[in-house]
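The first residue of the sequence shown is numbered 1, and numbering continues consecutively from there. All values below were derived from every heavy atom in this structure, side-chain atoms included, with hydrogens, water molecules and symmetry-related copies excluded. Quick caveat: nothing in here was measured; it's all calculated off a predicted structure.
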Amino acid sequence: MMRYSRQRDPFTGEEYVEIPFKGHRLTENPMFNKGTAFTEAEREVFELTGLFPDGYQSLKLQSERCYESFKKKGTDLEKYIYLVGLQDRNETLFYRVLLDHLEEMLPIVYTPTVGEACKLFSHIFRRPSGLFVTADNIHQIDRVLANAPFSNVSLVVVTDGERILGLGDQGVGGMGIPIGKSSLYVAAAGLHPAFCLPVLIDVGTNNEALLQDPLYIGVRQKRLTGDRYDRLIEQFVAGVRRVFPNAILQWEDFGKGNAFRLLDRYRERVISFNDDIQGTAAVSVAALMSAFRIKGERFRDQTFVVAGQGQAGIGIERQLLSVLRSEGLSETEARGRILGVDAEGLLVEGMAATEEQKPWLTPRERVAGWRLKDPSRVSLRDAVVHGKATVLIGVTAKTGLFDRETLAAMAANTPVPVIMPLSNPTSKVECSPEEAFRATKGRCLCATGSPFEAVAWEGAERTVSQCNNLYIFPGMGLGALVSGTSKITDTMFMAASAAIAGAVSDEERAKGQLLPKLSRIREISAFVAWAVAKEARDSGLGMLAEDHKLLEMAKRAMWEPDYLPFRYMRPEPSF
C-alpha cells in the first residue's frame with residue numbers, strides 16, 4: 001500500500017503531493033493522474049514527455065470537456081458508466097465535475113440510477129474498485145485489506161449485497177452501493193478519496209436470476225448463514241481493526257436479519273454505524289422537525305404511522321421514541337404515538353414478530369373497538385383512520401401503497417398532514433408527491449426518498465424535499481473523524497438532525513420545504529460534523545475543544561478537488 005502524503009514546504013509555504021513513481025505508472029493511477037493538466041515541468045520530471053498532446057488544459061477546461069461528453073450520453077445508465085470510467089482514470093477531475101454539477105449528477109451516481117447499475121453490475125463491470133471479501137479469502141483478510149490503494153484509510157463502507165435499496169438481494173452487484181457512498185463522502189463532506197475504501201463481502205446470493213446468469217461474476221452459491229456467516233464477519237472486523245485501527249466502519253444495505261445484530265454487536269468495539277437504520281432515521285426526523293415548525297406543533301402532538309418494519313422503519317421509530325421522550329412523554333405514552341405497519345398490517349400483540357419489531361407491537365385493547373374492513377387484520381388504512389394519524393411514513397418499497405383513500409384519510413385527521421413516501425428507487429415509491437397533494441387538496445407537507453420535481457398546485461409551486469441520507473452520513477463521518485470519538489452514539493444522530501433542520505430558513509419553510517437545498521451540501525455537512533463533534537465532546541467521547549475550534553477543524557479537513565504540484569519521492573529500497 002502507498003500512503004497518500006500531502007506536504008507543505010517549510011520555506012515557500014507551497015502545498016504539494018509526494019509521488020513515488022513516474023511515466024505510465026503515474027498516468028494509470030487515478031488518484032494522481034492529471035491528464036492534459038500535467039505542466040511542462042512535471043512532464044519533464046516525471047518522464048511523461050510525449051505521452052500527452054502538447055496542449056495544456058486547466059482543471060476547469062477539463063471539467064467543461066467532460067461535462068460536454070456527459071450530456072451526450074443517451075440514458076442515465078450510460079451517464080453512470082461514463083462517470084465511473086472518469087473516476088477510474090482521474091479521481092480529481094471526477095470529483096471536480098461532480099461538484100460542479102452536483103444536483104444534476106446525484107441521481108446518476110446514486111439513487112435511482114445506482115440501483116439499475118447494481119442489477120447490471122456483472123454486465124457493465126470494467127475494472128475493480130474497492131475490495132471483495134469471500135469465504136475463500138477471509139483467512140487472508142490482512143492481505144486482502146493490504147491491497148487497498150492507500151494505507152491511511154479512515155472510512156470503510158461495507159455491504160453484503162442482501163438488501164440493496166428497494167431491490168433486494170443483488171449479490172456482488174451490491175458493490176455499487178459502497179462505491180457510491182464513498183464517492184458521496186468525498187463530494188459532500190470533503191473526505192479525501194484516498195481515505196475511503198468500499199468493500200463487498202460476497203457470501204453468495206439467493207437471487208435465482210443472478211445464479212442463472214452466465215455473466216454473473218460473484219460467488220455462485222446460496223448465501224452463507226448462521227455461524228459460518230458470523231465467523232466471516234468477525235474475521236473481517238478483526239482485520240479492519242488491525243490494518244486500519246482508526247477507521248470508521250459503515251454498515252450498508254445488509255438484510256434486516258443481520259443489520260441490527262451487526263450494529264449492536266460491533267458498535268461498542270469499533271467506531272461504526274448503520275446508515276440504513278440510523279442515517280435514514282436522522283434525516284427523517286430532521287424533515288419532521290421542519291414540518292412541525294411550519295405547523296406550530298411538537299412531536300408529542302402527533303400520531304405517527306410507519307409503514308415498513310425493516311431496518312429503516314424500526315430505525316425511524318427508535319429515533320421518534322427518543323424525541324418524544326425528550327419532550328416529556330413517558331415510555332408508554334411515547335410508544336402509543338407510534339403505530340408500526342408491516343406487510344401483514346398493524347403490528348399487534350400476539351402476532352409473529354422479530355426481536356426488533358416486538359417493542360412496537362400495539363396492545364390488543366387499543367384496537368378492540370376499531371371497525372375493520374377485514375376482521376383478521378388491521379390494514380394500513382385502518383391504522384390511519386382509527387389511529388388518527390397525522391404523519392404517514394413509508395419505507396416498504398411497495399409501489400402505490402399510499403392509495404387515494406389512505407391519503408384522504410390523513411387529510412381528514414389534520415389540517416396539514418405530513419406524507420413521507422421514502423422508498424427508493426423512484427419506481428418503488430409508496431406514492432408520488434403529485435398523488436399526495438391531489439388527495440389532500442394541496443394541504444400536505446411532503447418529503448420523499450427519491451428525487452422528485454416540485455408540484456404545481458393551484459398556480460403555486462409546492463416544494464418536495466428529498467429525505468436523502470446524504471444530509472447525514474458524510475457529516476457524521478467527518479464529525480466522528482475530526483472529534484476523535486471512540487464510538488458513534490444515537491445522541492450524535494439527534495444532534496445531526498437538529499443541525500439539518502436548523503439550516504432551513506423561514507423563507508424556505510414558507511414554501512413547504514423541509515430540508516435545505518442539496519446545492520448547499522458541503523455547508524450542511526460541515527455543520528453536521530460540527531454538531532457531532534460538539535456532542536462527542538460533551539459526552540466525554542471526543543476531543544476537548546471550544547466550539548469555534550471544532551468548526552474550524554471540520555472545515556479545514558474538507559478536501560477541495562484541485563491539482564496540487566507534484567514532487568518526486570524516491571521509493572525506499574527494499575531488501
Side-chain angles (χ1 to χ4, degrees), residues 155-159 163 165 177-178 181 184-185 188-189 247-289 304 306 308-326 338 340 354-357 359-360 393 395 420 422-424 447 449 467-481 483 485-501 515 524-525 528-529 531-533 535-536 539 541-542:
L155 172 79
V156 177
V157 183
V158 60
T159 186
R163 192 208 64 84
L165 303 175
I177 300 300
K181 282 289 178 77
L184 296 182
Y185 266 105
I248 295 171
L249 185 60
Q250 179 176 320
W251 306 99
E252 189 67 34
D253 283 4
F254 284 75
K256 67 180 180 182
N258 293 316
F260 290 102
R261 291 191 313 110
L262 297 180
L263 176 62
D264 293 341
R265 179 176 298 171
Y266 292 110
R267 66 187 305 177
E268 299 292 331
R269 289 176 50 190
V270 61
I271 310 168
S272 63
F273 69 97
N274 185 303
D275 188 46
D276 306 300
I277 297 172
Q278 297 161 292
T280 301
V283 72
S284 300
V285 167
L288 290 171
M289 287 176 173
F304 303 86
V306 181
Q309 294 301 292
Q311 50 196 302
I314 291 173
I316 290 169
E317 289 166 349
R318 288 178 175 181
Q319 191 154 349
L320 286 174
L321 180 67
S322 296
V323 179
L324 291 166
R325 292 295 307 278
S326 73
I338 303 168
T354 66
E355 287 302 312
E356 293 77 27
Q357 291 172 342
W360 309 104
I393 299 172
V395 281
M420 296 173 62
L422 300 183
S423 292
N424 54 47
C467 273
N468 193 325
N469 288 22
L470 186 64
Y471 287 109
I472 289 288
F473 69 83
M476 177 60 65
L478 178 61
L481 291 171
S483 69
T485 184
S486 57
K487 61 181 178 179
I488 294 173
T489 66
D490 292 336
T491 53
M492 292 177 189
F493 280 97
M494 195 69 72
S497 298
I500 294 166
L515 294 166
I524 303 305
S525 294
V528 168
V532 169
E535 173 57 33
S539 58
L541 297 171

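Legend: residues meeting ring-ring contact (aromatic ring centres under 6.0 Å, His included) with Tyr471, ordered by chain and number and at least two apart, are absent. For Arg267, the side chain to side chain donor-acceptor pair (under 3.5 Å) partners at least two apart in sequence or on another chain are Asp490. In this structure Thr280 satisfies the side chain to side chain donor-acceptor pair (under 3.5 Å) test together with Asn469, sequence neighbours excluded. By the side-chain contact (heavy atoms from CB on, under 4.5 Å) test, Asn424 is found to be paired with Thr111, Leu165, Ser450, residues two or more places apart in sequence or in another chain being considered. Shown here are the ring-ring contact (aromatic ring centres under 6.0 Å, His included) partners of Phe304, two or more places apart in sequence or in another chain: there are none. Residues passing the side-chain contact (heavy atoms from CB on, under 4.5 Å) test with Ser497 are Ala282, Val285, Ala286, Met289, Gln319, sequence neighbours excluded. With sequence neighbours excluded, the residues that form a side chain to side chain donor-acceptor pair (under 3.5 Å) with Lys487 are Glu268. Applying the side-chain contact (heavy atoms from CB on, under 4.5 Å) test to Ala189 and every residue at least two apart in sequence or in another chain returns Leu191, Pro474, Leu478, Ser525. Under the side-chain contact (heavy atoms from CB on, under 4.5 Å) criterion, Ile271 pairs with Ile248, Ile488, sequence neighbours left out. Under the side chain to side chain donor-acceptor pair (under 3.5 Å) criterion, Gln311 pairs with no residue at all, not counting sequence neighbours. Every residue was checked against the ring-ring contact (aromatic ring centres under 6.0 Å, His included) condition with Phe260, not counting sequence neighbours, and none meets it. With sequence neighbours excluded, the residues forming a salt bridge (Lys or Arg N to Asp or Glu O under 4.0 Å) with Glu252 are Lys181, listed by chain and number.
Considering every non-hydrogen atom in both Glu535 and Ala495, the closest pair reads CB-CB, 4.2 Å. Closest non-hydrogen pair, Phe493 versus Gly279, comes out as CE2-N, 4.0 Å. Here the shortest heavy-atom pairing between Val156 and Ala247 reads CG2-CB, 4.3 Å. What you find for Met494 and Ser322 is that their closest heavy atoms are CE-CB, 3.6 Å. When all heavy atoms of Ala287 and Met420 are compared, the closest pair comes out as CB-CE, 4.1 Å. The heavy-atom pair separating Cys467 from Ala447 by the smallest distance is SG-CB, 3.9 Å.
Side-chain N/O atoms of Thr491 and Thr489 include a donor and acceptor closer than 3.5 Å.
With rounding to the nearest 0.5 angstrom, the CG atom of Leu470 is 9.5 Å from the CG atom of Asp275. Note: Glu356 CD to Asp264 CG = 7.5 Å, rounded to the nearest 0.5 Å. Between the CG atom of Leu321 and the CD1 atom of Ile316 there is a distance of 13.5 Å, given to the nearest 0.5 Å. We find the CD-CH2 distance between Glu317 and Trp360 to be 5.5 Å, quoted to the nearest 0.5 Å. A distance of 11.5 Å separates CZ in Phe273 from CE in Met492, rounded to the nearest 0.5 Å. Interatomic distance, Thr159 OG1 to Asp276 CG, rounded to the nearest 0.5 Å: 8.0 Å.
At least one side-chain heavy atom of Phe254 sits under 4.5 Å from a side-chain heavy atom of Leu262. Residues Leu324 and Ile338 meet the side-chain proximity criterion, which asks for heavy atoms closer than 4.5 Å. Using a 4.5 Å cut-off on side-chain heavy atoms (C-beta onward), Val283 and Asn468 make no contact.
Checked by atom type and distance alone, the side chain of Gln278 pairs as donor or acceptor with a backbone atom of Asn274 at under 3.5 Å.
Checked options Val157, Leu184, Leu155; the residue passing with Phe473 is Leu184 (criterion: side-chain contact (heavy atoms from CB on, under 4.5 Å)).
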Hey, mind stepping through Ile393 and Leu288 against side chain to side chain contact (heavy atoms under 4.5 Å, CB included) and telling me if it holds? CA-CA 10 Å; Ile393 299 172; Leu288 290 171; 4.3 Å; yes

